[in-house]
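First comes the structure, then the notes that go with it.
Please read all numbers here as calculations on a predicted model, not as lab measurements. Throughout, a chain's letter reflects where its sequence line sits, starting with A, and its residues are numbered from 1.
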Amino acid sequence: MLKLRIERGSAPVWFRAIIPVIAVLITFILVSALVIVAGASPLSAFFELLINPLTKTTARADILMMATPILLTGIAVTVAFAAGYYNIGAEGQLYAGGIAAAWVGTQLQTESSVLMIPLMLIAGFIAGMLWALLPAILKVRLQVDEVVTTLLLNSVMLFLVSALLNGPWRDPVSGWPQSPTILAAAQFPVLIPRSRVHLGAIVAVIVALVIWWVMSRTRFGIEVRAVGKNRDAARFLGIPVGNRILMAALISGGIAGLAGVSEVGGIHYYMTSTLSSNFGYIGVIVATLGALTVPGAILSALFLALVNRGAISASRELDVPVYLGDVIQAALLLVGLATLLLNRYRIRRIR
Amino acid sequence: MDSLILLFAAMLRISTPILFASLGETLVERAGVLNLGIEGTLLLSAFSGFVAAQFTGSLWLGLVAAVLTGIALSLLMGLLTVTFGLSQHVCGLGITLLASGVALFAFRLIYGGASTPPALETSFVTLDILPGTAFAPLFSQHWLTYISLLCVPLVHWLLYRTAFGLRLRAVGEQPEAADTAGINVYKMRYLALILGGAFMGLAGAFLSLAQLGAFSHGIINGRGWVAIAIVIFGNWLPYRVLAGALLFGGVQALQLRLQAEGVPLPYELLLALPYILTIVAIAFVGRNASYPAALLKPYRRE
């Protein structure tokens with residue numbers, strides 16, 4: 001007779017590989033309840049969510065467009081979390097980058113995109129860094145917990161954006177609370193004709209590759225990860241712990257700022273208070289599901305974008321509310337975290 | 001004088017949901033759990049309370065539904081962070097995103113793409129305590145407002161004058177020592193989450209069933225994050241949390257008044273003030289802030 005026992009210890013490698021699949025399956029089983037309540041069949045909903053978008057050229061392009069901002073915020077959160085610095089403020093840092101991009105894009109009088117776009121990216125990176133600076137300094141100098149300070153600065157940023165757009169930046173032409181439109185030279189070129197995939201996608205991929213190289217191939221990156229794994233051991237090894245946390249926090253803020261630049265330059269062409277649909281928070285999902293690795297973040301950003309695009313298909317075809325996408329993203333995060341615990345167990349046959 | 005009393009009346013009204021939410025978060029954090037799920041919990045509670053009240057015609061059932069929603073989401077938080085020992089801030093954010101998604105999903109399902117928020121036929125009435133006196137407007141509040149004020153000494157008493165409160169604080173400060181002393185850390189954290197979730201439910205219910213009598217997507221509008229700020233600002237002490245909630249309500253009320261009178265001011269900056277004050281307060285107090293020592297740390301019994 002076959003006897004099985006669950007033991008503590010690391011799970012076998014083949015099992016670790018299928019954990020993401022298990023997480024996706026459990027999530028979809030849970031979410032089926034909502035689909036049924038909405039009067040649709042779960043199977044056709046999952047077809048719309050996961051398969052249908054991949055079959056159409058326009059939908060595939062939309063996935064790249066939707067993956068762009070969350071890949072950037074996901075990489076941003078990955079860098080910070082890898083250093084053990086829990087930056088929840090990517091949302092605010094994104095808006096800081098958006099303000100900077102709109103400012104450069106409207107003020108700099110040039111017709112050269114080659115000059116304009118790099119300056120927007122640099123300005124956005126710096127703005128994101130600056131918005132991330134205060135919590136980082138408080139953390140390194142005064143050991144003030146960063147979770148709450150970065151979170152609260154998101155709210156402050158939203159008020160700042162609102163003040164800016166209702167005050168000095170209110171569009172004089174339309175009267176709407178949005179900045180004037182950025183100059184033609186500042187508008188990101190479209191990569192795939194008749195789609196909304198823009199230069200930001202390339203920026204995101206380059207940033208991802210650079211960060212992947214820095215984090216896995218350079219001394220700096222390895223030190224940052226060592227600090228994240230065990231701060232005391234890193235200090236004992238002579239790694240400047242405070243400096244590495246500070247650098248990771250600032251790089252994180254800068255990359256989140258780039259997400260804002262990308263949305264202003266590639267999607268909206270002006271600054272608005274609805275620049276981000278929770279992209280900063282979704283970055284936490286992307287980074288967590290990607291297990292704080294860059295390849296993982298790329299995969300999860302693409303997957304979440306697929307689900308988002310799929311939710312639009314499902315709402316069109318099956319009349320399921322489009323917010324199904326938001327529910328699935330959040331459920332994936334929680335289920336994904338919980339199933340990672342399975343890593344700690346193995347099933348052994350006993351004779 | 002009259003306008004000053006009206007200003008204070010508005011302050012009390014605006015403070016109420018913030019006070020409920022902050023008291024709930026205080027209890028949870030005192031037991032060592034930072035519940036960032038609060039923003040989404042408030043939204044889904046406000047929504048479920050509203051829907052229950054509309055479909056049953058009973059505001060009281062709405063209130064019950066809101067409180068049960070708050071408790072249910074807190075139990076989920078407990079399952080993830082207390083039982084599974086997962087990261088509190090990531091799970092909290094996840095619950096906020098999940099609850100917000102579910103609320104918006106259900107809203108669309110029930111009310112379609114309506115742009116105007118649906119309203120209740122009735123909402124909780126106001127209670128006049130000192131009618132006919134100069135202070136009448138100040139004490140013409142929703143009964144939940146009075147309850148929220150009474151909850152401040154109640155929570156203080158619970159935390160500092162009862163064995164339950166002592167155990168609750170113990171698991172938030174020294175879970176290992178508490179465990180050694182025979183306190184069930186997991187159970188105490190769950191109880192704190194349940195109590196806190198009930199308070200968050202009341203906060204949501206106040207917004208949709210009393211203050212507005214309606215529901216809209218933006219009904220919470222960051223109030224959960226405000227509560228997180230106020231708990232720190234208030235140093236995890238119920239009376240100081242009250243002061244923080246009143247400060248926030250006061251700034252809001254003042255802002256609304258100035259805006260109505262057309263005073264040219266960047267109101268948003270006034271609204272950002274409580275957040276900035278909190279960050280400054282944290283910076284000044286720094287390491288000396290009396291954070292519950294075990295906050296954010298999952299407890300694992302070896």
Side-chain angles (χ1 to χ4, degrees), chain A residues 34 37-39 77 81 86 88 134-135 137-138 141-149 151-168 278 281-282 284-285 287-288 311 315 319-338 340-341, chain B residues 34 36 39-40 76 79-80 83-110 112-113 221-222 225-226 228-229 231-232 264 266-276 278-279 282-289 291 295-296:
Chain A
L34 289 183
V37 169
V77 173
F81 278 31
Y86 293 98
I88 313 289
L134 179 69
I137 288 183
L138 289 180
R141 286 288 157 82
L142 300 171
Q143 281 83 46
V144 170
D145 181 70
E146 72 279 12
V147 173
V148 171
T149 46
L151 177 75
L152 294 186
L153 281 176
N154 290 342
S155 301
V156 175
M157 176 51 83
L158 284 182
F159 288 122
L160 195 67
V161 167
S162 173
L164 201 59
L165 297 181
N166 284 309
N278 277 340
Y281 301 111
I282 292 171
V284 176
I285 306 185
T288 307
S315 81
D319 209 22
V320 176
V322 69
Y323 298 106
L324 186 65
D326 302 65
V327 176
I328 294 178
Q329 290 186 347
L332 260 180
L333 171 70
L334 298 178
V335 174
L337 274 173
L340 277 179
L341 292 176
Chain B
L34 174 72
L36 292 187
E39 179 80 9
L76 177 62
L79 177 73
L80 294 166
T83 304
F84 291 167
L86 295 168
S87 148
Q88 289 178 7
H89 39 268
V90 177
C91 290
L93 271 185
I95 285 177
T96 281
L97 293 172
L98 182 71
S100 310
V102 169
L104 301 186
F105 180 90
F107 182 90
R108 176 64 64 86
L109 205 59
I110 300 173
N221 196 18
W225 308 140
V226 171
I228 299 272
V231 173
I232 300 174
Y267 305 100
E268 292 88 354
L269 299 184
L270 205 56
L271 291 175
L273 198 64
Y275 297 91
I276 296 170
T278 302
I279 294 171
I282 303 175
F284 267 100
V285 184
R287 205 45 181 162
N288 301 324
Y291 277 93
L295 197 64
L296 287 171

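Closest heavy-atom contact between A:Ala331 and B:Leu98: N-CD1, 3.9 Å. Minimum interatomic distance between A:Tyr323 and B:Leu104 (heavy atoms only, all atoms of both residues): CD1-O, 3.5 Å.
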### Task
Just do the side chain to side chain contact (heavy atoms under 4.5 Å, CB included) check on A:Val320 and B:Phe105 with the steps written out, would you?
CA-CA 9 Å; A:Val320 176; B:Phe105 180 90; 3.7 Å; yes
### Task
Quick one: do B:Leu269 and A:Leu160 satisfy side chain to side chain contact (heavy atoms under 4.5 Å, CB included)? Show the steps, please.
CA-CA 7 Å; B:Leu269 299 184; A:Leu160 195 67; 4.1 Å; yes
### Message
Could you go through B:Ile279 and A:Leu138, starting from their C-alpha distance and side-chain angles, then the distance that decides it, and tell me whether this counts as side chain to side chain contact (heavy atoms under 4.5 Å, CB included)?
### Response
CA-CA 10 Å; B:Ile279 294 171; A:Leu138 289 180; 4.3 Å; yes
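Neither the backbone nor the side chain of B:Thr96 has a heavy atom closer than 4.5 Å to any heavy atom of chain A. Proximity to chain A involves both the backbone and the side chain of B:Leu271, based on heavy atoms less than 4.5 angstrom apart. Within the 4.5 angstrom heavy-atom criterion, only side-chain atoms of B:Leu34, from C-beta onward, approach chain A. When heavy atoms are compared at a cutoff of 4.5 Å, B:Leu109 approaches chain A by way of both its backbone and its side chain. For B:Leu36, the part sitting under 4.5 Å from any heavy atom of chain A is the side chain, from C-beta outward, and nothing else.
Atom CH2 of B:Trp225 sits about 11.5 Å away from atom CG of A:Leu158, to the nearest 0.5 Å.
Between B:His89 and A:Tyr86, the ring planes lie tilted relative to each other; the angle falls in the 30° to 60° range.
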